[in-house]
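Data first, discussion second: the structure below is written as structure tokens.
Just so we're clear, the structure is a prediction, and the values are computed from it rather than from any experiment.
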Amino acid sequence: MREVTVVLRQIIFGSGVSLVNISVHALAMTAVIAVARSVAAKPLSFAALRLIAVMIAAVAVLMAAHFCEVAVWSMAYALVDAAPDGTDHLYFAFVNYTTLGYGDVVPVPRWRLLGPMTAMNGVLLFGWSTAVIFEVLNQTLARGRK
């Protein structure tokens, strides 16, 4: 019974952190769309410059969002002491979120599911970002053909 409680605690906590990050990402997506529309609406002599400006703006906003999301995981790890003493929580969060998985730092046993949950959250949000970048690119190119 104790093991079930430990697993449930990890899943509930990790799901809560994931929902916070999904919210951060949704806000970032709103910003990306607004920035892309704003840049795309500006008159530019060259369609290539418009495309470059839109893509730089979109990717910059998404990079900032991903950094914030890693910081959220870092704070979550610190809150519950999920990593061994002396661990750089931001580094640990980056390694998990990006699925890099160096393996030089592992979570403490009572929070071992947070690493995979962080990775799952990162993969989903990177996929979402990729889809939005592709859509922004398509919309910008479509505007250029009009």
Side-chain angles (χ1 to χ4, degrees), residues 7-146:
V7 169
L8 283 175
R9 180 188 67 218
Q10 293 176 76
I11 290 172
I12 291 167
F13 184 77
S15 295
V17 176
S18 291
L19 287 173
V20 169
N21 279 338
I22 290 167
S23 300
V24 168
H25 216 70
L27 289 169
M29 291 302 153
T30 304
V32 165
I33 291 166
V35 167
R37 285 181 179 160
S38 172
V39 173
K42 296 194 184 320
L44 291 175
S45 308
F46 300 99
L49 290 178
R50 176 188 320 281
L51 181 60
I52 290 167
V54 168
M55 296 312 295
I56 288 171
V59 172
V61 170
L62 291 170
M63 288 281 294
H66 285 289
F67 184 80
C68 290
E69 292 150 11
V70 168
V72 167
W73 277 109
S74 174
M75 290 183 281
Y77 293 159
L79 181 68
V80 297
D81 292 323
D85 289 338
T87 298
D88 179 344
H89 291 104
L90 188 61
Y91 167 79
F92 185 46
F94 261 113
V95 169
N96 284 319
Y97 185 86
T98 60
T99 69
L100 191 56
Y102 282 139
D104 57 337
V105 181
V106 295
V108 296
R110 70 183 180 278
W111 290 104
R112 68 178 181 248
L113 291 181
L114 288 187
M117 290 185 79
T118 304
M120 182 174 60
N121 186 233
V123 166
L124 289 170
L125 297 180
F126 280 127
W128 189 2
S129 293
T130 302
V132 168
I133 290 167
F134 183 75
E135 185 58 25
V136 166
L137 175 64
N138 277 340
Q139 292 298 317
T140 303
L141 289 172
R143 281 191 185 106
R145 289 188 281 253
K146 289 182 183 179

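Under the rule for a ring-ring contact (aromatic ring centres under 6.0 Å, His included), Y102 has no partner lying at least two apart in sequence or in another chain. Listed by chain and number, the residues in a side-chain contact (heavy atoms from CB on, under 4.5 Å) with L19 are I22 (sequence neighbours excluded). Taking N121 as the reference, N21, W73 meet the side-chain hydrogen bond (donor to acceptor under 3.5 Å, both in side chains) condition, with sequence neighbours excluded.
Separating the CE atom in M120 from the CG atom in L113 is a distance of 10.0 Å, to the nearest 0.5 Å. Distance check: L137 CG to M55 CE gives 5.0 Å after rounding to the nearest 0.5 Å. If you take CD on E69 and CZ on F94, they are separated by 10.5 Å, rounding to the nearest 0.5 Å.
Looking at heavy atoms from C-beta onward, T118 lies out of side-chain contact with F92 at the 4.5 angstrom threshold. Annotation: side chain of L114 is not in contact with side chain of V17 (no heavy-atom distance under 4.5 Å). A 4.5 Å side-chain heavy-atom check between L62 and M29 finds at least one atom pair inside the cut-off.
Of all heavy-atom pairs spanning L90 and A71, the tightest one is CD1-CA, 4.2 Å. When all heavy atoms of M117 and G14 are compared, the closest pair comes out as CE-C, 3.5 Å. A65 and A28 make their closest contact through CB-CB, 3.4 Å (heavy atoms, listed as atom of the first residue, atom of the second, distance). The heavy-atom pair separating P84 from V108 by the smallest distance is N-CG1, 3.9 Å.
Residue pairs meeting the ring pair (Phe, Tyr, Trp, His ring centres under 6.0 Å) criterion with at least one partner in residues 9-35, sequence neighbours excluded, are F13-W111, H25-H66, H25-W128. Listed by first and then second residue, the salt bridge (Lys or Arg N to Asp or Glu O under 4.0 Å) pairs involving residues 73-94 amount to none (not counting sequence neighbours). Applying the salt bridge (Lys or Arg N to Asp or Glu O under 4.0 Å) rule to pairs touching residues 106-133 yields E3-R112, sequence neighbours excluded.
A donor-acceptor pair is defined here as one N or O able to donate and one able to accept, closer than 3.5 Å; such a pair exists between the side chain of S15 and the backbone of I11.
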*asked:* Pair N96, Y77 - check side-chain contact (heavy atoms from CB on, under 4.5 Å), show working.
replied: CA-CA 11 Å; N96 284 319; Y77 293 159; 3.2 Å; yes
